[in-house]
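On a predicted model such as this, the values are computed, not experimentally measured, just so you know.
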Amino acid sequence: MAPLLWTSLLAAFAAFSHAIPYEEYILAPSKRDLHPVSVYKVNGTVKGAESLTGDGLGSAIFTDDSSAITFDYGKNIGGVVSLTIGQVDADQYIGVTFSESSLWISGKSSDATADSGVDEILWFQPTGPGTYTAPRIKDRGAFKYLSLVKNTTGTLEVTQVTTHFTALPHYEDDKMRDYTGYFHCDDELVNRIWYAGAYTNQLCTIDPNHGDAIIFLDIVNGSMPGDEVGTLDWYNSYKITNGSSCLIDGAKRDRLVWAGDFAIAVPGLVVSTNDLISVQNSLVSLFDFQDKETGQLPYAGTPFRKTLSLTYHMYTLIGISNLYLYSDDLDFLKTVWDDVKLGMTFALGYIDETGLMDATAAPDDWLRFGMGGHNIEANAILYYTLDQVIILAEALGENDLVDNYTKTAETIKTKANELLWDSEAGLYRDNETTSLHPQDGNAWAVVANLTLNTTQNEAISEALSKRWGPYGAPAIEAADAVSPFISGFELQAHIKAGNASRALDLVRLMWGFMLDDPRMTKSTFVEGYAFSGEIKYAPYKNDPRISHAHGWATGPTSTLTFLIAGIQLEEAGGKKWLIKPSLGDLMTAEAGFKTSLGDFSVSNKKDESGGFEMEFETPEGTEGGLSVEYPDGGGTLMVQSMTTGETKMIEITVDQEADRIEVDGLAGGKWTVQFTPNCDP
Ligand SMILES: *[C@@H]1O[C@H](CO)[C@@H](O)[C@H](O)[C@H]1NC(C)=O
Ligand SMILES: *[C@@H]1O[C@H](CO)[C@@H](O)[C@H](O)[C@H]1NC(C)=O
Ligand SMILES: *[C@@H]1O[C@H](CO)[C@@H](O)[C@H](O)[C@H]1NC(C)=O
Ligand SMILES: *[C@@H]1O[C@H](CO)[C@@H](O)[C@H](O)[C@H]1NC(C)=O
Ligand SMILES: *[C@@H]1O[C@H](CO)[C@@H](O)[C@H](O)[C@H]1NC(C)=O
Ligand SMILES: *[C@@H]1O[C@H](CO)[C@@H](O)[C@H](O)[C@H]1NC(C)=O
Ligand SMILES: *[C@@H]1O[C@H](CO)[C@@H](O)[C@H](O)[C@H]1NC(C)=O
Ligand SMILES: *[C@@H]1O[C@H](CO)[C@@H](O)[C@H](O)[C@H]1NC(C)=O
Ligand SMILES: *[C@@H]1O[C@H](CO)[C@@H](O)[C@H](O)[C@H]1NC(C)=O
């Protein structure tokens with residue numbers, strides 16, 4: 001008896017200790033074979049449409065030649081469709097159409113992957129009872145709505161509709177919800193946004209053999225290399241990277257490796273699933289197509305045209321520094337280091353006599369216009385790239401390079417402020433000959449610390465927020481566009497400028513709209529939309545091609561973990577860390593994630609009387625610091641190690657000048673923090 005009891009207790013303990021905090025918010029499926037959740041609409045006469053929802057077999061009988069059912073999967077999913085057929089007359093056809101947005105539900109076509117037109121129906125011609133599965137090239141990367149349409153008279157019975165979920169190919173079928181990170185606060189909308197961001201990046205993680213949905217965009221002289229495409233107008237079977245999984249820009253489209261998108265997607269992936277192998281496979285593919293003579297990196301992964309984009313070139317280098325920061329994998333860094341240096345030399349070659357980069361030769365960016373001259377975004381990104389690659393050079397002991405990069409960065413900072421800062425507007429100009437003050441360059445200037453003082457940060461934060469409309473922050477450098485990508489950097493800028501409440505306001509305004517509007521997927525984030533809230537994205541002529549699951553739109557996920565709950569990695573893997581919460585108008589915020597060094601977690605709780613409590617835990621053997629917002633009144637801050645018992649008491653007086661209280665020299669382990677305000681303020 002006793003051993004048995006012991007075993008079951010241990011099993012219960014193991015189950016408990018492996019429980020994933022806040023698992024109820026996770027949107028990833030628990031299995032791969034998915035069935036519709038509800039019927040959205042029935043056209044014509046179909047008997048028993050409802051019976052096809054849920055997991056069991058049902059029976060829906062089509063007789064007319066114009067009957068249709070539109071199913072709702074309840075969230076955006078992606079994969080290969082199978083229909084299980086019961087009784088069927090001779091010569092029957094049944095077709096499937098897909099749409100991410102309710103706007104493009106149709107019995108005649110799917111939503112779009114190309115620059116014009118819409119995608120064709122996926123037809124089945126069942127000749128008898130059995131299961132009919134679409135060919136793998138007809139993997140549909142993302143859809144919420146699936147319609148069955150019939151174009152023949154005669155009886156056809158469908159007993160099951162199944163989508164085999166193909167994202168996350170390297171996960172075991174029942175492990176796709178095994179997150180390594182979590183977030184929770186006292187605002188339910190914000191919680192749902194964090195998890196929708198995490199799921200968006202999961203849907204954008206695919207089998208590299210089934211990439212590239214933009215087969216009719218002028219890729220290589222007008223068509224896709226290879227002869228498989230034929231007359232199809234959508235298709236997903238181009239090999240885009242090596243390895244068994246990779247991270248792409250969007251689940252429906254482009255299904256390509258775009259390094260710019262990674263600047264937002266990768267940190268979000270790290271704090272939720274830590275699926276770094278997919279990131280590594282994608283980055284390696286970009287270096288595989290680097291020009292080893294000049295150092296130029298491709299705008300996007302193969303088979304995209306090899307246009308020069310200076311910003312995306314630099315984003316690839318930032319991608320490597322991010323990968324090192326989150327993985328602490330020095331061996332991998334060594335394998336690409338020579339190519340990184342080559343890439344740096346290439347980028348630095350665009351610095352002219354002013355000391356700034358001239359972007360005129362490379363107008364391609366994230367599809368904004370006017371990308372020329374001494375562009376502020378390009379120079380802020382260059383400043384940031386230098387800052388990041390300096391960390392890599394230090395790790396590899398290349399001191400001469402550190403010196404050279406440091407001096408180059410200093411010059412960029414001085415000159416950009418001299419030439420481009422407009423003190424009247426409280427914003428940087430796009431370049432020296434324009435009065436346009438872009439969202440991208442201003443958000444990036446704060447993120448990169450290109451600014452010289454906190455007054456500039458505050459001015460930029462204030463000025464950008466004054467431009468918001470009812471649906472979000474405009475990216476005026478891309479015509480009538482709201483960019484969830486660039487707004488991800490704007491979130492960081494508001495917090496770095498000391499206004500976390502403003503960042504949270506923008507999270508609720510934009511990402512709340514993107515999550516809950518009936519035209520959206522209620523689960524993943526869209527790549528762009530119009531200032532008016534219309535689902536139109538200025539760079540495209542064709543609205544149905546807009547991607548509703550785009551990793552670059554997942555900014556809140558990393559921002560909430562790193563900058564709001566406040567766990568920041570200062571050295572690779574988190575050997576050095578900073579616990580720096582900025583709760584804004586939240587009363588509680590907790591977060592945790594894993595790196596190769598172990599688990600990081602923090603829990604913050606404010607009370608109505610101005611006091612607060614925190615608990616945080618970092619891996620043994622690491623070290624770091626604590627930075628808390630300066631409380632309104634005086635009081636006592638107690639910081640205590642639960643590992644060693646070490647205690648620091650800090651008396652805080654009311655007239656203290658600083659914005660924040662900093663405590664250095666904390667060893668990895670478990671700590672509690674308590675601030676008790678004075679009774680009589
Ligand atoms: C159902 O009918 C509506 C109205 O005619 C049409 O817009 C829609 O495309 C039809 N849906 C399908 C799946 O055929
Ligand atoms: C139904 O669609 C199939 C596939 O496109 C086509 O071959 C067939 O001719 C259509 N039948 C009718 C009656 O329109
Ligand atoms: C594209 O066209 C150009 C000019 O005709 C040719 O030189 C080049 O080899 C072509 N590239 C590919 C990949 O077919
Ligand atoms: C796969 O790796 C080989 C060898 O490094 C390389 O030549 C090839 O371009 C890679 N393929 C892709 C799609 O990245
Ligand atoms: C400067 O910026 C404006 C606004 O973005 C743009 O129209 C113009 O082309 C840029 N100048 C150069 C030299 O690229
Ligand atoms: C950095 O190195 C490059 C190439 O060796 C050189 O041209 C440049 O002047 C150096 N810059 C500084 C600031 O030392
Ligand atoms: C940002 O720049 C300022 C002024 O140039 C400098 O004092 C500060 O240390 C920098 N901050 C960081 C985090 O590097
Ligand atoms: C901050 O830097 C800007 C740009 O150089 C300058 O115009 C401004 O006077 C500085 N403000 C303060 C308070 O130092
Ligand atoms: C922070 O932003 C909020 C909302 O935009 C604003 O009301 C508040 O005044 C700002 N606080 C500071 C200190 O600038």
Side-chain angles (χ1 to χ4, degrees), residues 219 240-241 247-249 254 256-266 279-280 282-324 333 336-352 356-393 401 404-405 408-409 412 416 431 438 440-441 444 447-448 450 477 485-486 489 551-552:
I219 296 175
I240 53 170
T241 78
L247 183 67
I248 51 171
D249 61 332
D254 300 337
L256 292 175
V257 176
W258 284 100
D261 307 45
F262 286 13
I264 293 286
V266 170
V279 177
Q280 183 175 314
S282 289
L283 288 171
V284 166
S285 83
L286 296 175
F287 281 92
D288 273 337
F289 292 92
Q290 182 181 33
D291 181 331
K292 304 294 179 198
E293 302 269 308
T294 63
Q296 181 180 333
L297 287 153
Y299 186 18
T302 191
F304 201 77
R305 54 176 170 251
K306 303 285 175 279
T307 330
L308 168 62
S309 163
L310 282 171
T311 48
Y312 276 60
H313 174 95
M314 295 188 283
Y315 276 126
T316 302
L317 304 171
I318 291 171
I320 295 296
S321 85
N322 271 339
L323 189 58
Y324 175 64
L333 176 59
V336 289
W337 176 238
D338 285 340
D339 294 338
V340 167
K341 285 191 286 187
L342 204 58
M344 283 304 289
T345 306
F346 179 82
L348 296 174
Y350 286 84
I351 295 179
D352 66 14
L356 294 176
M357 172 180 268
D358 183 340
T360 306
D364 284 314
D365 190 13
W366 59 272
L367 301 185
R368 53 154 298 176
F369 59 70
M371 195 63 194
H374 298 110
N375 175 274
I376 183 63
E377 186 214 16
N379 279 284
I381 294 175
L382 178 57
Y383 182 77
Y384 184 82
T385 307
L386 283 161
D387 207 48
Q388 295 299 300
V389 177
I390 284 169
I391 296 170
L392 306 183
L401 269 187
N404 182 298
Y405 290 174
T408 307
I412 293 170
N431 57 55
D440 60 5
W444 254 112
V447 169
L450 187 75
E477 66 277 21
F485 174 46
I486 299 305
F489 301 112
W552 81 2

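Inter-residue side-chain proximity for Val284 and Thr241 is flagged as unmet; no heavy-atom pair is nearer than 4.5 Å. Within the 4.5 Å cutoff, the side chain of Phe262 has heavy atoms near those of the Val257 side chain. Taking 4.5 Å as the limit, some side-chain heavy atom of Asp339 sits within range of a side-chain heavy atom of Lys292. Looking only at side-chain heavy atoms (C-beta outward), Trp444 and Ile376 stay at 4.5 Å or farther from each other. Here the side chains of Tyr299 and Thr311 are not in contact, with every heavy-atom distance at 4.5 Å or above. Here the side chains of Asp254 and Ile248 are not in contact, with every heavy-atom distance at 4.5 Å or above. The shortest distance between side-chain heavy atoms of Asp291 and Leu342 does not fall below 4.5 Å.
Partner of Thr408 under the side chain to side chain contact (heavy atoms under 4.5 Å, CB included) criterion, out of Leu382, Ile351, Ile390: Ile351 alone. When each of Phe304, Trp552, Tyr315 is checked for a ring pair (Phe, Tyr, Trp, His ring centres under 6.0 Å) with Trp258, only Phe304 meets the rule. A side-chain hydrogen bond (donor to acceptor under 3.5 Å, both in side chains) with His374 is found for exactly one of Asn431, Asp358, Asn379, Asp352, namely Asp352.
Looking at every heavy atom in both residues, Pro298 comes nearest to Leu286 through CD-O, 3.3 Å. Nearest heavy atom pair, residue Ala380 against residue Gly441, reads CB-O, 4.5 Å. Closest of all the heavy-atom pairs between Phe485 and Asp261 is CE1-CA, 4.3 Å. Nearest heavy atoms, Trp366 versus Glu477: CZ2-OE2, 3.6 Å. The two residues Gly370 and Asn375 have their closest heavy-atom pair at O-ND2, 4.2 Å. Minimum heavy-atom separation, Ala362 to Ser309: CB-CA, 4.3 Å.
Atom CD of Glu377 sits about 8.0 Å away from atom CE of Met314, to the nearest 0.5 Å. Interatomic distance, Met357 CE to Thr385 OG1, rounded to the nearest 0.5 Å: 8.0 Å. A distance of 10.0 Å separates CD in Gln296 from NZ in Lys306, rounded to the nearest 0.5 Å. Atom CG of Leu348 is separated from atom CG of Leu386 by 5.5 Å, given to the nearest 0.5 angstrom. To the nearest 0.5 angstrom, Ile486 atom CD1 is 7.0 Å from Asp365 atom CG. To the nearest 0.5 angstrom, Leu323 atom CG is 13.5 Å from Ile318 atom CD1.
Judged purely by atom type and a 3.5 angstrom limit, Gln290 has no side-chain atom pairing as donor or acceptor with the backbone of Leu297. In this structure, His313 contributes its side chain and Leu308 its backbone to no donor-acceptor pair below 3.5 Å. At least one donor-acceptor pair under 3.5 Å links the side chain of Ser282 to the backbone N or O of Leu247.
By the side chain to side chain contact (heavy atoms under 4.5 Å, CB included) test, Thr302 is found to be paired with Tyr238, Phe289, residues two or more places apart in sequence or in another chain being considered.
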